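Worth saying up front: this structure is predicted, and the values here are computed from it rather than measured.
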Amino acid sequence: QVQLVESGGGSVQAGGSLRLSCAASASTDYCMAWFRQAPGKEREGVAAIDRGTSTKYADSVKGRFTISKDNAKNTLYLQMNSLKPEDTAIYYCAAAPTRWYCRRSTALSPNDYSYWGQGTQVTVSS
């Protein structure tokens, strides 16, 4: 069982930056990802990272967001730059069910993840 706790959310103006962190109770040597959910919308995958350094991004955040993790600190990160009002949402981190479960083709699908944090709010004003 992996417990995940997000932090780093807040309110910023458009064009600003935030860095989200996700502290894991166990190793982050899993495929992991960040998702977000805006009011009235479905949860969408934002960025994913495998057990190495291979990453995948939603088209809407490519070039602006960077996912990374520090296995020594059991922490997943999401650096968000050039934020836009449409990035406003609750951001969740997630981990795959096992260390051996990692499919790039579906890495941004919530169905690929079993462990979820409680979320952190990001609000971007224009």
**Report entry** Pair Arg104 + Asp50, salt bridge at N-O below 4.0 Å
**Finding:** no

Query raised in the report: Is it true that Asp87 and Lys84 have a side-chain N and a carboxylate O under 4.0 angstrom from each other?
Result: no

Find out if a path of hydrophobic residues (ILVMFWY) with successive side-chain heavy-atom gaps under 4.5 Å connects [X] to [Y].
X: Trp116; Y: Met32; result: no
X: Tyr57; Y: Leu76; result: yes
X: Met80; Y: Val46; result: yes
X: Ile49; Y: Val61; result: yes

Donor-acceptor contact present, side-chain [X] to main-chain [Y], <3.5 Å:
X: Glu6; Y: Cys93; value: yes
X: Thr88; Y: Pro85; value: yes
X: Lys69; Y: Tyr30; value: yes
X: Thr75; Y: Lys73; value: yes

**Report entry** Whether over 12 other heavy atoms sit under 6.0 Å from Gln118 CD
**Finding:**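 Result for CD/Gln118: enclosed.
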
Any side-chain heavy atom of [X] sitting closer than 4.5 Å to one from [Y]?
X: Ile67; Y: Trp34; answer: yes
X: Phe65; Y: Asn81; answer: no
X: Ser109; Y: Glu44; answer: no
X: Tyr91; Y: Gln121; answer: no
X: Ser17; Y: Gln79; answer: yes
X: Leu20; Y: Thr120; answer: yes

**Report entry** All pairs passing salt bridge (Lys or Arg N to Asp or Glu O under 4.0 Å) where residues 114-126 contributes a residue, at least two apart
**Finding:** none

Report task. Test Leu18 against every option in Thr123, Val124, Val122 by the side chain to side chain contact (heavy atoms under 4.5 Å, CB included) rule and name the one that passes. Result ->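 Considering Thr123, Val124, Val122, a side chain to side chain contact (heavy atoms under 4.5 Å, CB included) with Leu18 is found only for Val122.
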
Query - Spacing of CZ belonging to Arg103 relative to OG1 belonging to Thr106, to within rounding of 0.5 Å - result: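 The distance works out to 4.0 Å.
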
Minimal non-hydrogen separation, [X] against [Y], with atom names:
X: Gly45; Y: Ala58; result: O-CB, 3.4 Å
X: Ala24; Y: Leu4; result: CB-CD2, 3.7 Å
X: Tyr113; Y: Ala48; result: OH-CB, 3.9 Å

Query raised in the report: Just checking, any donor-acceptor pair under 3.5 angstrom between side chains of Arg99 and Tyr101?
Result: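 Tyr101 and Arg99 do not have a side-chain donor-acceptor pair below 3.5 Å.
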
Query raised in the report: Have Asp70 and Tyr77 got a donor and an acceptor in their side chains that come within less than 3.5 Å?
Result: no

Requested in this report: Assess Arg43 against Tyr92: is NZ or CZ under 6.0 Å from the centre of the six-membered ring, and within 45 degrees of the ring's axis?
Outcome: yes

Report task. Take Arg36 and Leu78 through the test side chain to side chain contact (heavy atoms under 4.5 Å, CB included) and record every step on the way to the result. Result -> CA-CA 12 Å; Arg36 66 186 180 187; Leu78 184 68; over 6 Å; no

Report task. Would you please test Leu108 and Lys56 for side chain to side chain contact (heavy atoms under 4.5 Å, CB included) and show each step? Result -> CA-CA 8 Å; Leu108 295 180; Lys56 185 175 183 177; 4.2 Å; yes

